[in-house]
Amino acid sequence: ITKEVLEMITVKQIPTGPIQENCYLVWNDAGELLIIDPGADASLIQRQIEAIQAKPLAILLTHTHYDHIGAVDELRNVYQIPVYVSPLENAWLSDPVLNLSSRHPELGGLIVQPAEHEFEMTTYELGSIHFKVVPTPGHSHGSVSFIFDTFVVSGDALFKGSIGRTDLHTGNLEQLLTSIQTQLFVLPDETVVYPGHGEPTTIGWEKQTNPFFNR
């Protein structure tokens with residue numbers, strides 16, 4: 001990035017829903033904001049956005065399991081913004097079996113409208129916010145991570161001291177370990193990792209201590 005002054009980027013973690021999935025709000029000092037993985041509790045997310053007083057530009061999805069997409073349509077409609085997702089999982093949004101909501105009768109079968117945009121594995125600039133989309137399959141085959149200047153949003157690929165489940169549809173343990181090693185562990189050690197569940201961590205800490213890579 002060749003801008004003379006890097007814009008200040010701020011991240012807010014909002015745990016949502018019964019299994020405390022992390023939605024992230026990422027915004028810059030120009031008041032432009034991205035919503036990542038709005039899993040549930042749309043009104044809570046909306047209140048946080050209003051408190052920040054930034055303008056949402058888009059909804060980005062790391063993958064399409066029900067706990068990451070439950071508030072997508074409500075926020076998309078409120079802010080009239082597009083949704084971005086992997087082309088491998090766009091169809092999952094409207095399929096309760098594939099997005100796993102059919103396993104949870106209380107959700108009533110989650111049907112989310114298709115995304116307006118399907119990610120290419122490349123660098124994006126939305127407003128003046130830059131990030132790179134990289135494939136991190138293994139938890140699901142369309143899982144992606146978003147790399148910003150000093151942090152990465154890893155979805156359910158890499159957690160603090162753990163990794164995502166690989167026993168669900170299209171999950172694959174070897175693929176997930178390879179994804180993390182080739183796409184995430186190549187980042188600088190000080191890079192902060194914002195996972196889909198639990199507390200943030202850093203790339204360096206996970207390389208040194210994560211039991212899946214230190215056996």
Side-chain angles (χ1 to χ4, degrees), residues 1 3 6-16 21-28 30 32-39 45 48-49 52 54 56-65 67-69 71-72 75-76 79 81-90 92-93 115-160 163-164 176 179-203 206:
I1 295 172
K3 285 192 177 177
L6 280 174
E7 294 215 67
M8 271 293 296
I9 295 279
T10 308
V11 183
K12 184 171 187 64
Q13 175 181 311
I14 307 172
T16 74
E21 176 273 341
N22 290 328
C23 169
Y24 292 101
L25 302 180
V26 176
W27 71 97
N28 61 12
E32 299 166 327
L33 180 143
L34 302 175
I35 304 169
I36 301 178
D37 287 0
I45 297 168
Q48 299 282 356
I49 291 170
I52 293 163
L57 301 179
I59 295 170
L60 313 181
L61 300 178
T62 61
H63 65 296
T64 60
H65 288 154
D67 55 317
H68 291 252
I69 64 172
V72 165
L75 294 170
R76 165 162 50 188
Y79 295 112
I81 53 175
V83 175
Y84 290 74
V85 72
S86 163
L88 296 174
E89 293 187 16
N90 203 351
W92 293 26
L93 287 166
E116 286 78 10
H117 300 286
E118 294 184 343
F119 281 123
E120 296 176 39
M121 300 302 128
T122 186
T123 301
Y124 281 80
E125 183 175 2
L126 297 181
S128 55
I129 303 177
H130 297 254
F131 61 95
K132 183 180 180 186
V133 182
V134 297
T136 45
H139 174 65
S140 68
H141 70 172
S143 288
V144 298
S145 296
F146 308 125
I147 300 171
F148 294 80
D149 284 333
T150 59
F151 64 93
V152 58
V153 179
S154 64
D156 287 0
L158 180 62
F159 297 131
K160 184 174 185 177
I163 61 172
L176 182 54
S179 293
I180 292 167
Q181 287 176 306
T182 59
Q183 301 290 352
L184 303 182
F185 281 0
V186 295
L187 299 172
D189 281 354
E190 63 272 18
T191 304
V192 177
V193 179
Y194 289 107
H197 302 268
E199 299 171 22
T201 180
T202 65
I203 292 294
E206 295 312 310

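Atoms considered below: every heavy atom in the structure, side chains included; atoms not considered: hydrogens, waters and symmetry mates.
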Side chains of Q183 and S145, donor plus acceptor under 3.5 Å = no
Student check: side-chain heavy atoms of V153 and D37 closer than 4.5 Å | no
Atom CG in L93, atom CD1 in I69: separation rounded to 0.5 Å?
-> 5.0 Å
Centroid separation F146 to Y194 less than 6.0 Å | no
Are the side chain of T201 and the backbone N or O of V193 linked by a donor-acceptor pair below 3.5 Å?
-> no
With side chains defined as the heavy atoms from C-beta onward, is the minimum distance between F119 and L60 less than 4.5 Å?
-> yes
Report the distance from atom NZ of K132 to atom CG of D149, rounding to the nearest 0.5 Å.
-> 12.5 Å
Closest non-hydrogen contact found for A58 with Y84 is CB-CE1, 3.7 Å
Report yes or no: does Y24 contribute a side-chain atom to a donor-acceptor pair with the main-chain N or O of P195 at less than 3.5 Å?
-> yes
Would you mind reporting whether Y124 and V133 have side-chain heavy atoms less than 4.5 Å apart?
-> yes
Just one of N90, V72, V85 clears the side chain to side chain contact (heavy atoms under 4.5 Å, CB included) bar with T64, so which one?
-> V85
Kindly compute the distance separating CD1 (I59) from CZ (R76), expressed to the nearest 0.5 Å.
-> 6.5 Å
Verify the neighbour count for atom CD of E116: are there more than 12 heavy atoms of other residues, nucleotides or ligands below 6.0 Å?
-> yes
Stepwise side-chain contact (heavy atoms from CB on, under 4.5 Å) check, I35 with L25 = CA-CA 5 Å; I35 304 169; L25 302 180; 4.0 Å; yes
Keeping the roles fixed (side chain from E32, backbone from L126), state whether a donor-acceptor pair exists under 3.5 Å.
-> no
What is the minimum heavy-atom distance between A157 and I180, and which atoms define it?
-> O-CD1, 3.6 Å
Non-hydrogen atoms of L176 and T136 that approach each other most closely | CD1-O, 4.4 Å
Over all heavy atoms of both residues, which pair between I203 and P188 is shortest? Give the atoms and the distance, please.
-> CB-O, 3.7 Å
Do L33 and L57 touch side chain to side chain, with heavy atoms closer than 4.5 Å?
-> no
Quick one: are W92 and S140 in side-chain contact, heavy atoms under 4.5 Å?
-> yes
Does T16 offer a backbone N or O that forms a donor-acceptor pair with the side chain of E21 under 3.5 Å?
-> no
Interatomic spacing from CG in N22 to CD1 in I14 - rounded to 0.5 Å | 9.5 Å
State whether the side chain of H141 and the backbone N or O of L88 hold a donor-acceptor pair below 3.5 Å, judged by distance alone.
-> yes
Could you tell me the separation between the CH2 atom of W27 and the CG atom of L34, rounded to the nearest 0.5 Å?
-> 11.5 Å
Paired with H139, the side chain to side chain contact (heavy atoms under 4.5 Å, CB included) test is passed by just one of D156, I163, T62, L158, namely D156
Would you say the side chain of T10 lies within less than 4.5 Å of the side chain of I52, judging by non-hydrogen atoms?
-> no
Should the ring pair H63 and H65 be called parallel, tilted or perpendicular, given that the plane angle runs from 0 to 90° and is split at 30 and 60?
-> perpendicular
What heavy-atom pair brings L75 and I45 nearest, and what distance separates the two atoms?
-> CD1-CG2, 3.8 Å
Roughly how far apart are H130 NE2 and I9 CD1, rounded to 0.5 Å?
-> 9.0 Å
Minimum heavy-atom distance between H117 and P82, given as atom pair plus value | CD2-CB, 3.6 Å
